[in-house]
Amino acid sequence: MINFALDVGTTATPESYLFYFLAPLSVLAALGMLLVKKAVHSALLLAWVMISLAIFYIAQEALFLGIVQIVVYTGAVMMLFLFILMLVGVDTSDSLEENIPGLRPIAIVAAIGFGGLLVSLISRATFNRPIYGLSEANAEGNAFGIAAELFTRYVFAFEVVSALLITAAIGAMVLGHSQKSKSKNSQRDLSIARFRKDSLKDASGLPSAGVYALHNAVDVPALLPTGQAAPSSISSVLQARGDIIESATFEMKKDEEEEK
Amino acid sequence: MLTAPSLGYLLLSPMIIVFAAAVIGVLVEAFMGKTHRAAAQLTISIGALLLALVQLWRIRDLSSTTAAVNSVTIDKAGIFLQATVVILALIAVLLIADQENFTAQASAVPGSNEEAVALLQKNQQTEIFPLFLFAVGGMMLFPVATDLITLFVALEVFSLPLYLLAGLSRRRRLLSQEAALKYFLLGAYASAFFLFGAAFLYGYAGTISLVGISAAAGSANEVFLLIGIIFVSIGLLFKISAVPFHSWTPDVYQGAPTPITAFMAACTKVAAFGALLRIFYIGFAEAQTMWQPIITVIAILTMVLGSVVAIAQRDVKRMLAYSSIAHAGFLLSGVVALSKDGLAASLFYLMAYGLTTLAAFGIIGLVRDSTGEVTDLNRWVGLGKKSPLVGSVFAFLLLSFAGIPLTSGFIGKFAIFSAAYQSGNIAIVVSGVLASAIAAFFYIRVIIMIFFTDPVNDSVSVIIPSVKSKISISVATVASMVFGLAPSLLLTTATNFATFIK
Amino acid sequence: MAVANYLYLSAILFTIGAIGVVVRRNSIVVFMCIELMLNAANLAFVTFARINGNLEGQVVAFFTMVVAACEVVVGLAIIVTIYRSRRSASVDDASLLKR
Amino acid sequence: MQTSENLLWLIALPLFSSAILLLAGKRANSWGHIMGTIVSASTFTIGIIEFFAMQSRSEENRAVTQKIFTWISVGSFNVDASLLLDQLSICFVLLITGVGTLIHVYSIAYMSHDLDRRRFFAYLNLFIASMLLLVLGDSYLNLYVGWEGVGLASYLLIGFWNEKPAYATAAKKAFVANRVGDVGLSLAIMISFATFGDVSFSGMKDSVDQASSTQLTAIGLMLLLAACGKSAQFPLQSWLGDAMAGPTPVSALIHAATMVTAGVYLITRSNFVFDAAPIAQLMVLIVGGVTLLFGAIIGMAKDDIKKALAASTMSQIGYMILATGLGPIGYAFAIMHLLTHGFFKASMFLGAGSVMHGMKDEVNMRKYGGIGKFMPITFLTFGLGYLAIIGVPPFAGFYSKDKIIETALNEGGIKGLILGSATLLGAMITAFYMTRVVILTFFGNERWGHKDEPHESPALMLVPIGLLSVGSVASGYLLYKGDWLVHWLEPVVNPLKVHHKELLPPIVVSIMAVAVVLIGVSIAVLKYRGEQSDKAPERVSVFTRAARKDLFQDNFNEATFMRPGQSVVKNLLNIDYLLIDGLVRGVGSVSLNAGNKLRVIQNGYVRSYALLMVVGALALIATIWVVTA
């Protein structure tokens, strides 16, 4: 502990301030992921961890990765998670009750053992070679350095990743996309269908929703304010073809008027 | 400025053909009418696999560590493993092509009206074929990859399609989807372990190539190497379903559509063991004394647990799942042997086991009642009396799993145990022999069930297989039989091909 | 400050992720925990890149991000499919396959 | 060692013929049986030629080999598919092809009414081929091929009339017992490989000194298990009685003369293992001794003539196994008894078949009686076989059995006393139950209860029986004369290696043997003379009841193997779940609600699987943590 404090005290570089500020916070955030009830909160905490890591990347001379981490990981991947959470129901909160008896104590013991042993093992490692740093490798810029590796040494893996991307796309499509059993009718199809019918009474379309009307067709005369039919409202062609409904049937009856 | 890398296209051509065919398959999905899609996809798949096989034959004597800069090593063993994957995939694709096994529309909710319509219209989810080809491509890359990043990419390339395919069963879709979820979550979990291990190997050696890791021996601190070996192994042991990373196997094997289970059981094992062998033979050979005891213990646990638990299964697919766990244990003795004999034996074993497995799952796909496949062993009772041929073939395959002499299973075990024995690992041989003895009894129990017990009333019938299934089952069975009776054919080849180059 | 501190952080985050998979029941959160593990591995890679003085580690980390993105697409697609069938995203509800 | 190009024909001819008969289908119905018989006869001819050729060579050049092809070649490990014909295998070749041919001839008449006679002959030829491969293979692996082949042929032939459910059950029982034996053999092969890096007889024999006694004991015990399965020895004996469901020629050929003696062959062939593994050898003695009494006791109570003979077979093979347990000198006597037994037991089985033929397939001896005067030739041949088996001088059985008794007594001490008494007691019981069979069948009142008188069988059946009974008269003396067989087998089993002491003069032993036989015969005659009922008496002693139930062997099997086996299986069911869940439950969340507990056991949770992985990883990390500390 004392050594640790000395370490903190004597290496007061900006990086160490950054680290000692952000690292505990990101660990807390990660722990929080396990403890909060709502999945959305977990997602936000994870985003926080990822941004902290991005800052660490930049601090460790990995500028390009830091940016990618924020743009791709935090920006795209976490958004995807949030989308799905919205789909599943953003308000659903997990019950944190354990329903597999005995799992939790073992898990906690295992976690402490796992983490503890790992940390203890790493502390046993001695770096018997100098820590080089990346100033040489990054001489021409971090992005250039990565590109040089990516497009020469690891070009095959890079190409193969495309297979992965295609797989992901097909996968999402197979599981998400419904093939419609038949294509939807276009406006043109519907129009043709209306005019090809036996009767032309729906040719101008059905009455729109909420309208109190019995008819909405070209072969029905309009009603005048007096309640009488207006024969001039019907196309003369239809009159000539005889495709016309007797307007008298639509005129308001006298007795109906009286009732009103 | 960067100098353009040069790729050895001839050596990479088998993989490139398969990937290209997969991409063509995607295009077919996009632009071809529904009626001919299935036929076209099948033709493309078979054509590509045959072409890849021909290419493999043409490059059989070539070798290079720089085929894809330094990411891929094409050598004798690599070519053999790739050929094994392709041959097994060729047999598996015929089983897969029996579309009755796959859902008509994966996006429709099980039991919904939409699903009913899709079934009525005889829709087919032909995207299965490109996915299958991507998986095959990844499996071909996995055993020849020589740096950790290519390994990781290849691992994901063949895993992702399998996660998807596992969820596309036609019947009992809830179970199938559950299998996909389990496989996916646990698979991703295992890859995370793999990656973490890879990080520490990089930290140890300062490079991610296997050769670099082996060259760093002694010069760097071993803690990182050990952490790396452990975590990378966990990722791979998961894929081969070794204890205690095996628990996904029975569930996924049971839930996935049977042809996919067949493909997965046979080809994943080849690819994952290929990679495991290469990593341990090349990357970790210098650290032999550190990992050998650990892997030995895991191998023993795996073979014993797999054999013992297989006994108790009442579902035939779960039984074969446990059997595959046991076989993973036997195969691990080839890894532990760390010798040319061990490698040759593993190569033989993988091919023989793959063929037997494909045929066995093919048979399972034939046993049905009105609601689909029947995997409950109690209902297989008396099957041999009703369909003697199918019953006898299945019995033969079980005997081969059990490793009764005169079957390829026996020769495989024999070769692999003798290699392990020669490397001085007696514990593994003894437990292996005991585990096979335990297992033998219970495979025989199933045979008795099939042949000597009277059929019950609600028993099942065997459907007349289509030509595709017929070809695939009979080719696999006959090959497995031939390799049992005249193992020299394959064993000599395997021995000739058992070299990794650095 | 010792560079090793980043490794400790990485190990701790990895452990938290690994345990999260075990204790959380919502499959999406479980999956997020796996992402956390991948991130932890990435941090180790970047740190080792700095220690080793070459960029290979950073390249790997870059690959990991791409691969993880693909994995996320596939994984979420599977989770959504299950959700539509069962109206539940809990991994404990998906436990019909046993014995 | 000399090579020969002819050995392959011994196996290829019958195999080929069997394939033709199976593939040709109904077209071969008219000539199939003729071809099968001719092929069998030609293998016998080849056997005779090889025998005389071998005899004409000097002793060290007698064995011949033929390499067919390289079978397995892994690294330094090579197995060739090779055949080896030496002094031991030629005995078997002659027995198999000789008795086999006679039984082929017999079957032509016996099976003449069966629609599937062609298939029957195909199986018989398949059996001959496999059995020859078994005795000609030059390594345990090659032997195994034949071993499986005879198992298959036996299984097919027992179930030949498989429309009857009881017969199918019998086939199943035989199948299981044989598989248990097979597992023993394959384990023996694996252990041998692990020990010697070789599985050929010659290679193992040469390096037997390098193996530890534990390894040799293990191999020996596994070989003994294999022999028990195939030769129906205790505790795997129960299938033989049921196997009598097959057609009688099958019982004669496979379940009396040849296949069931494969266990004796196996132990004799492996003499170098057993001679170096005293514990295994002692087990051989115990198994042989127990079985010879066991079979004899069962034989006393059986009313089914074939089952009585089967019990006797079991008991006689017990003699042979016991003899092989007696060390170098015993092997030769075991083989001698095996050969003579082949003759007289086959002759008696065929005689029983002839009786059944005349009695409308009746097998119950209580419904026979007085048949002797209707079937004089069958009576005569059966009688000769009877005299041979009970060991009346100078018939064959006397010489061979007498030698075994003598050797057993000469072991000396308590061991010699026990073994000697067992063999003598066995001889007495044998005399008793065989006399009983003969009296019930051929003497006394006629009890068959129908009008048709039994009739003598056709000549085609009688000629083979006659030839076999000549063998049962003469073979014993021929083999015994001047210790011919002992000297003949010397290069293989080295019987004179150990000088054995004589505790009693041979003549005394012979007198004792004949005396117990006389006692046995007298008791039987006293008990079964006069009128007999056609029903088995109800009120019988406990012992008879036990013997009728095969000394409760099925109950015993059920109680010792099946039930515990089933419960083991049931418990094992839980192991995986215990491993996954035992961890989970182990911490001790003691739930009082049992139903809850049951639900917990049924896992299937991804999270449990993940936890298992974490715990596995933890274990691995802990290991390296300890290692690097």
Side-chain angles (χ1 to χ4, degrees), chain A residues 7 11 13 15-16 19 23 27 30-31 33-34 39 42-43 46 49-50 53 56-57 60-62 65 68-69 72-73 76-77 80-81 84-85 87-88 94 99 103-104 107 111 114-115 118-119 122 127 131-134 136-137 145-146 149-150 154 157 161 164-165 167-168 171-172 175-176, chain C residues 1-9 11-20 22-26 28-29 31-33 35-36 39-40 42-43 46-47 49-56 58-59 61-63 65-74 76-81 83 89-90 92:
Chain A
D7 186 40
T11 57
T13 58
E15 193 189 346
S16 66
F19 184 84
V27 169
L31 280 175
M33 276 179 70
L34 312 190
S42 287
L46 179 59
V49 177
M50 284 178 172
L53 289 186
F56 289 143
Y57 293 170
Q60 297 207 71
E61 301 172 70
L65 273 186
V68 172
Q69 168 91 354
V72 174
Y73 235 130
V77 171
L80 199 53
F81 268 107
I84 300 301
L85 278 174
L87 194 73
V88 170
D94 265 5
N99 59 359
L103 181 127
R104 181 154 294 167
F114 191 96
L118 210 51
V119 167
I122 294 172
F127 294 90
I131 291 165
Y132 295 108
L134 288 168
E136 196 177 320
I146 289 186
E149 291 270 321
L150 200 57
Y154 296 107
V161 165
L164 214 52
L165 291 164
T167 306
L175 295 182
Chain C
M1 184 193 72
V3 184
N5 286 351
Y6 286 110
L7 294 180
Y8 295 133
L9 177 63
I12 290 167
L13 290 180
F14 186 85
T15 312
I16 293 174
I19 292 310
V22 178
V23 297
R24 288 305 299 247
R25 249 178 299 168
N26 185 327
I28 300 175
V29 180
F31 193 23
M32 287 195 285
C33 291
E35 291 300 317
L36 180 63
N39 271 285
N42 267 357
L43 179 61
V46 171
T47 310
R50 185 181 180 192
I51 294 172
N52 291 328
N54 60 32
L55 286 174
E56 280 183 15
Q58 293 193 15
V59 175
F62 179 65
F63 268 110
M65 288 179 192
V66 181
V67 169
C70 297
E71 216 174 63
V72 166
V73 172
V74 170
L76 290 180
I78 292 175
I79 291 172
V80 167
T81 314
Y83 177 74
S90 159
D92 283 6

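Letters A, B, ... are given to chains in the order of the sequence lines, protein chains preceding strands, and every chain is numbered from 1.
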To check you understand the geometry: which heavy-atom pair defines the closest contact between [X] and [Y], and what is its length?
X: A168(A); Y: C70(C); answer: CB-O, 3.8 Å
X: Y83(C); Y: L87(A); answer: CE2-O, 4.1 Å
X: V23(C); Y: A107(A); answer: CG1-CB, 4.0 Å
X: A111(A); Y: T15(C); answer: O-CG2, 3.4 Å
X: L13(C); Y: A30(A); answer: CD2-CB, 3.7 Å

Side chain to side chain contact (heavy atoms under 4.5 Å, CB included) between V80(C) and L175(A), worked out = CA-CA 8 Å; V80(C) 167; L175(A) 295 182; over 6 Å; no

For the interface with chain C, which of [options] has the highest count of heavy-atom pairs at distances below 4.5 Å?
options: V72(A), V49(A), V161(A), L80(A); result: L80(A)
options: T167(A), L165(A), V77(A), I84(A); result: I84(A)
options: Y154(A), Y73(A), F56(A); result: Y73(A)
options: G171(A), A62(A), A172(A), A76(A); result: A62(A)

Point-to-point distance, once rounded to the nearest 0.5 Å, from [atom1] of [X] to [atom2] of [Y]:
X: F63(C); Y: E149(A); atom1: CZ; atom2: CD; answer: 10.0 Å
X: M65(C); Y: Q69(A); atom1: CE; atom2: CD; answer: 4.5 Å
X: E35(C); Y: M50(A); atom1: CD; atom2: CE; answer: 5.5 Å
X: M32(C); Y: L34(A); atom1: CE; atom2: CG; answer: 10.5 Å
X: E61(A); Y: L55(C); atom1: CD; atom2: CG; answer: 9.5 Å

Go through the atoms of [X] and report whether side chain, backbone, both or neither lie under 4.5 Å from a heavy atom of chain C.
X: V119(A); value: both
X: V27(A); value: both
X: L31(A); value: both
X: I146(A); value: both

Test side chain to side chain donor-acceptor pair (under 3.5 Å) applied to Y57(A) - qualifying residues, sequence neighbours left out = none

Output all residues satisfying side chain to side chain donor-acceptor pair (under 3.5 Å) with T47(C), sequence neighbours left out; order by chain, then residue number.
-> Q60(A)

Output the option from [options] having the highest count of non-hydrogen pairs under 4.5 Å with chain A.
options: V22(C), L9(C), V74(C); answer: L9(C)
options: I79(C), N39(C), I12(C); answer: N39(C)
options: V72(C), V73(C), L43(C); answer: L43(C)

E56(C) versus chain A, heavy atoms under 4.5 Å apart: side chain, backbone, both or neither?
->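 It is both, since atoms from each part get that close.
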
Taking the inter-plane angle between the rings of F14(C) and F114(A) on a 0 to 90° scale, is it parallel (under 30°), tilted (30 to 60°) or perpendicular (over 60°)?
-> parallel

Is there a donor-acceptor contact under 3.5 Å from the side chain of R24(C) to the main chain of A39(A)?
->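 Answer holds: no.
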
Pairwise side-chain contact, N42(C) with L53(A), heavy-atom cut-off 4.5 Å (strictly under) | no

Under 4.5 Å between any side-chain heavy atoms of L164(A) and V66(C), yes or no?
->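 Not in contact.
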
